[in-house]
Each structure stands twice: as C-alpha cells, then as structure tokens.
Amino acid sequence: MNEPRPDSRRTVIASVGLILVLTLAALSAPRFTFVGVKAKAIAPKQTTMPIVRVWLSTADRRLKLQQQPDVVMTARDSLPADIVIDLQKRFQTMVGFGAAMTDSSAWLIQNKLNFFQRRALLRELYGPPPDLGLNMMRLTIGASDFSLKPYTLDDVPFGQTDEQLQHFNVTPALHDVIPTVRQVLSIDPGLRIIASPWSAPAWMKTSENLIGGELLPQYESTYADYLVKYLDAYQGYGIPIFALTLQNEPGFVPITYPGMEMPADTRARIVAQYLGPKLASRAQKTQILEWDHNWNQPEQPLSVLANPDAARYIDGVAWHCYDGSQYAQGRVHRAFPQKDAYITECSGGDWASAANGELLWFTRELLVTGIRQWARGVLYWNLVLDEQHGPHFGGCAACKGVVTIDSKTGAISRNDEYYAFAHFSRFVLPGAVRVESTKDDVNTGLANVAFQNATDGSIVLVVVNSNVTERPVTVEEGKTRFQYTMPRESVATFVWNPDQANAWMQSVIDWWKRHR
C-alpha cells in the first residue's frame with residue numbers, strides 16, 4: 001500500500017482538528033435571548049442513546065469476527081436482564097494478549113515467508129486495531145520442544161563445566177528469533193515479553209543431560225547468573241524482558257525434549273538468595289513470575305509465596321491450562337491478592353476433542369473464565385506452526401499455532417484460536433479494567449466478561465453462547481440496556497461508550513486512522 005505524503009497527512013490532521021474545534025465551539029457557545037422578545041417554548045431535548053457495535057464469530061466458521069449492524073440502546077426498564085454491568089466494581093487492570101515466539105515460529109516466519117509476506121503477517125498480528133493488536137510474547141531461554149534441535153545458551157563438551165559462564169552466548173537465536181522479535185518491537189515498542197527456560201545447561205544438572213534431571217545445588221547461584229546474562233544479552237539487542245520464570249513446567253520431566261524438575265523449595269531458595277536480589281539491584285526492572293505450570297497444583301505457588309524471603313521478590317504467578325481448573329488462579333489470588341496472575345501457555349491442536357473446532361473452548365474457558373479468575377494477560381503457546389504441526393523436537397505432535405504457514409507455499413491460514421484471541425485483543429486495550437458483570441453461565445449457557453478501556457471510557461463485553469440454539473441476550477448498564485440475539489454456538493464482542501462526546505471523538509479518530 002502506498003504511504004501517504006507528509007503534506008497529505010498534515011492536511012488530514014488539520015481537518016480533524018478543525019472539526020473538533022468547531023464542534024466544541026458550537027457546543028460551548030453562549031445562548032442569548034433578546035430582551036423584549038418572548039421566547040418560544042422548546043420541546044424537551046431527547047437524550048441520544050449510545051450505539052453498540054457488534055462483532056460476531058460462530059463455531060461453524062460461517063462468521064469470523066465479522067462486524068454486524070449496530071444496536072441502539074434503550075432506557076433501562078424494570079424487566080430483568082441476563083447480564084448486568086456495574087462500572088463501580090472494578091478488578092484487575094489488563095496487560096494484554098499474545099503467544100509464544102518459539103524457535104519454530106520464528107524459523108517459519110524468517111524462512112518460509114518472503115519479505116513482504118513477513119512484514120504483512122507481523123503487522124497483522126501485532127499492529128494496533130483494526131489489526132489483531134497482540135502486545136505480549138513468550139520466549140524460550142534455550143530450546144523447547146518447538147525448536148529444531150536441543151541446546152542451551154552455555155553448552156560445553158561433556159564432562160566440562162563453565163562456572164564463570166565464559167561460553168554463554170545467544171548465537172542460536174541470532175538468525176531467526178532475535179530478528180523477528182526486533183521486527184515486532186518496531187511495530188509495537190511496548191511489547192511485553194515473558195521468558196522461560198526449559199532446562200539449565202547439562203553441566204549444571206544431576207542428569208548431565210538437557211533431558212530430565214534437577215539443578216545441582218552448587219549451581220543455583222550460577223543458574224541465577226545465567227538468567228541475568230540472558231536479560232543483558234537481549235537488552236543489548238534492544239529487546240527488554242518484562243518478566244522471567246525460573247523453569248517451564250517445573251513439576252513435569254519430559255522424556256523427549258529438554259526439561260528439568262525444580263521443586264518448590266528450590267525455586268523459593270533461588271529467588272530469595274540469588275535471582276531476587278540480583279534483579280532488585282538492576283535499573284532495568286524485570287518481574288519474577290512463580291510456577292509456570294498447570295492449574296492442578298495451586299499448592300506449589302502457595303508454598304513458595306508463603307516464604308516471605310522469596311515472596312518479596314515475586315510479582316505474580318504464571319499458569320498453564322493443561323490440567324486442573326482456572327479457579328486455582330482465584331484461590332491463589334485470595335491468599336495473596338497483591339500478586340498478579342498470567343496464563344503463559346495453552347495450546348490447541350488436532351486432537352479428538354477439537355473435532356468440532358476450538359473457538360468456544362478457548363473463548364469461554366481460557367479467556368473469559370481465566371480473566372474472571374484474575375489473569376492480567378493471556379498467552380497462547382506457538383504463534384506459528386506449519387501444516388505438519390511443526391517443526392518440533394519431541395513433545396506435542398498435534399499442536400496448532402495461532403496461524404498456520406504452509407511450508408511449501410507460504411500460504412497463511414488463521415485458526416480458531418486466532419479469532420478467540422481477536423475478540424479480546426482488538427478491543428480490550430492495555431490498561432483496561434475488568435468490571436463487574438453478571439455470571440450465570442450454568443443456567444443460561446452464556447459466559448461473559450466485561451471491561452472498561454482507560455483510553456476513552458468505552459465498555460467492552462465479550463459473550464459466549466454455548467447453546468445449540470440461538471439465544472436472545474439482554475444487557476443492562478447504568479440507565480441503559482440493549483438486546484441482541486446471538487446465533488447458536490457463537491462469540492460476540494459488544495463495544496459502546498456511555499459518554500457520547502468521547503464516542504464521537506473516537507469515531508473521528510477511527511476515520512482518520514482508516515484514511516491516513
């Protein structure tokens with residue numbers, strides 16, 4: 001697409017500014033009544049009701065985030081509503097949404113797309129709305145199961161050690177991961193990155209292998225130094241790391257790809273004695289997230305957070321979706337309300353339970369319920385995989401990315417997870433606050449979560465209709481309400497602004513974005 005000339009852009013900006021000035025002047029101009037002239041009776045001014053914009057997706061893929069005709073609100077009445085929104089009851093502030101830029105994802109982006117395809121895809125995924133608006137990313141520190149080969153950032157020949165980390169290097173990431181992340185940062189400089197190691201270098205482990213084993217106690221301080229060197233190395237390439245976890249899935253020891261068991265007492269000790277103090281002394285703030293594993297063992301992060309020496313350095317808890325209940329997040333939050341929650345991994349795939357698609361599950365269970373259970377950010381697993389669910393080294397043989405790149409043609413297809421995340425990431429902006437909304441999904445088959453954006457005060461409501469029949473939905477907020485009939489097995493995002501002046505200004509800004 002041709003870029004507009006600077007003078008054209010200035011003209012558009014000037015035009016928009018002139019419209020705003022004239023409108024504000026007209027609204028604020030004094031009203032005069034001539035003396036001696038009887039004023040005519042003026043009919044009461046009718047209040048303009050907010051307009052609700054609607055985007056819809058259906059499980060049968062007939063609709064994929066397609067905008068529907070606007071809905072006009074009406075005045076609230078005495079009839080009951082399915083969903084009542086209370087803006088006065090406010091919960092967590094949202095950080096954002098994203099996916100993991102695994103080695104496999106970065107390799108596909110760099111090697112299976114040409115320059116123009118790559119630029120277009122990254123802009124689509126990380127550009128501001130109306131693009132997808134992803135603003136979070138997970139990186140692996142060393143290899144994961146979605147790498148082309150196993151490695152860490154300080155590998156030495158078997159039998160040797162490197163306690164001074166003199167052989168530390170990020171060479172394996174220089175060709176694919178680092179260039180791709182830098183391209184994303186050029187699109188969104190505010191990108192929040194969470195980094196997780198799958199294994200310490202083999203010479204630090206009881207197994208002397210990247211697969212299996214635990215961290216040897218004598219290398220706990222060295223392991224903390226290893227993570228700090230990673231932060232410094234990436235910062236040197238202009239890539240700031242928002243948060244670290246000590247170990248991916250520390251309660252699981254894989255047998256086909258790098259992994260490492262790390263019990264709760266080990267994690268607490270490393271944070272309290274080594275990593276926490278090292279990070280606290282740095283000018284560049286990097287958060288520490290505890291656990292980074294499934295919902296089914298909340299006792300693990302609870303025990304680490306119960307250690308005051310470790311808890312003082314821990315900013316939140318990272319969760320995976322593969323076992324247990326989202327309500328574990330709420331349990332930990334109630335015990336430690338000052339600690340944040342993030343969902344850092346969840347993958348869809350071509351398995352039996354996904355035969356009818358995954359739009360509803362990911363929207364309802366991961367996003368709606370996960371956020372209602374205090375998640376400030378939600379990250380999917382692989383951002384990109386190919387048509388063969390790879391490339392990968394062991395591990396999941398049927399996982400899907402947010403998008404699929406055909407390794408032969410470079411063609412891009414968008415999976416159900418793309419649209420599930422889009423119903424949030426395009427509308428719930430960083431800094432938005434989750435607000436109270438009625439929860440009665442058991443009786444109605446309707447799951448929902450609501451937000452208010454900090455930028456313009458707009459309200460975003462995401463509703464999932466899990467019923468196999470269409471379902472009228474009545475929503476009430478303040479002195480207004482609206483009704484909408486959702487198709488069977490569908491997801492809808494509703495957006496409106498109670499402040500009509502802000503809504504008008506936003507429409508002008510949207511127009512300018514479309515025409516710049």
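Source: prediction; values computed, not measured. All values below come from the heavy atoms of this structure, side chains included, with hydrogens, waters and symmetry mates left out. When a residue number appears, it is its place in the shown sequence, counting from 1.
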Peer 1: Who passes side chain to side chain donor-acceptor pair (under 3.5 Å) against His392, sequence neighbours left out?
Peer 2: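 With neighbours one apart ignored, the set is empty.
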
Peer 1: Name the orientation class of the two ring planes belonging to His293 and His320 (parallel below 30°, tilted from 30 to 60°, perpendicular beyond 60°).
Peer 2: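 Because their plane-to-plane angle is over 60°, the rings of His293 and His320 count as perpendicular.
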
Peer 1: To the nearest 0.5 Å, what is the distance between CD1 on Ile241 and CG on Leu244?
Peer 2: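 CG of Leu244 is found 7.0 Å from CD1 of Ile241.
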
Peer 1: Can you tell me which residue pairs pass the disulfide bond (SG atoms under 2.5 Å apart) test with a partner in residues 161-199, sequence neighbours excluded?
Peer 2: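 Listed once each, the pairs would be none.
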
Peer 1: If the plane angle is over 60° it's perpendicular, under 30° parallel, otherwise tilted; pick one for Tyr257 and Phe252.
Peer 2: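 Plane angle between 30° and 60°, so tilted.
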
Peer 1: Of all residues at least two apart in sequence or in a different chain, which pass the side chain to side chain donor-acceptor pair (under 3.5 Å) check with Asp323?
Peer 2: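 Side chain to side chain donor-acceptor pair (under 3.5 Å) check on Asp323 returns Asn296.
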
Peer 1: Residues in side chain to side chain donor-acceptor pair (under 3.5 Å) with Gln329, at least two apart?
Peer 2: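 By the side chain to side chain donor-acceptor pair (under 3.5 Å) rule, Gln329 matches Trp295.
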
Peer 1: List the residues meeting side chain to side chain donor-acceptor pair (under 3.5 Å) with Thr222, not counting sequence neighbours, and say none if there are none.
Peer 2: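 Thr222 satisfies side chain to side chain donor-acceptor pair (under 3.5 Å) with no other residue.
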
Peer 1: Quick one: side-chain contact (heavy atoms from CB on, under 4.5 Å) partners of Arg192, sequence neighbours excluded?
Peer 2: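 Val95, Met136, Phe242.
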
Peer 1: Are any of the side-chain nitrogens in Arg138 or Asp292 under 4.0 Å away from the carboxylate oxygens of its partner?
Peer 2: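 Counted as a salt bridge, because a side-chain N and a carboxylate O are separated by less than 4.0 Å.
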
Peer 1: Judged by modelled atom types alone, do Tyr380 and Glu345 share a side-chain donor-acceptor pair under 3.5 Å?
Peer 2: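 Checked: Tyr380/Glu345 side chains show no N/O donor-acceptor pair below 3.5 Å.
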
Peer 1: Got a second to check how far Ile343's CD1 is from Phe97's CZ, nearest 0.5 Å?
Peer 2: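 Spacing of CD1 (Ile343) from CZ (Phe97) equals 10.0 Å.
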
Peer 1: State plainly whether the residues Glu387 and Lys408 are in salt-bridge range, i.e. N to O under 4.0 Å.
Peer 2: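 Yes, this pair counts.
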
Peer 1: Which one of Thr93, Leu461, Ile371 satisfies the side-chain contact (heavy atoms from CB on, under 4.5 Å) criterion with Phe451?
Peer 2: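 Exactly one option meets the side-chain contact (heavy atoms from CB on, under 4.5 Å) with Phe451, and it is Ile371.
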
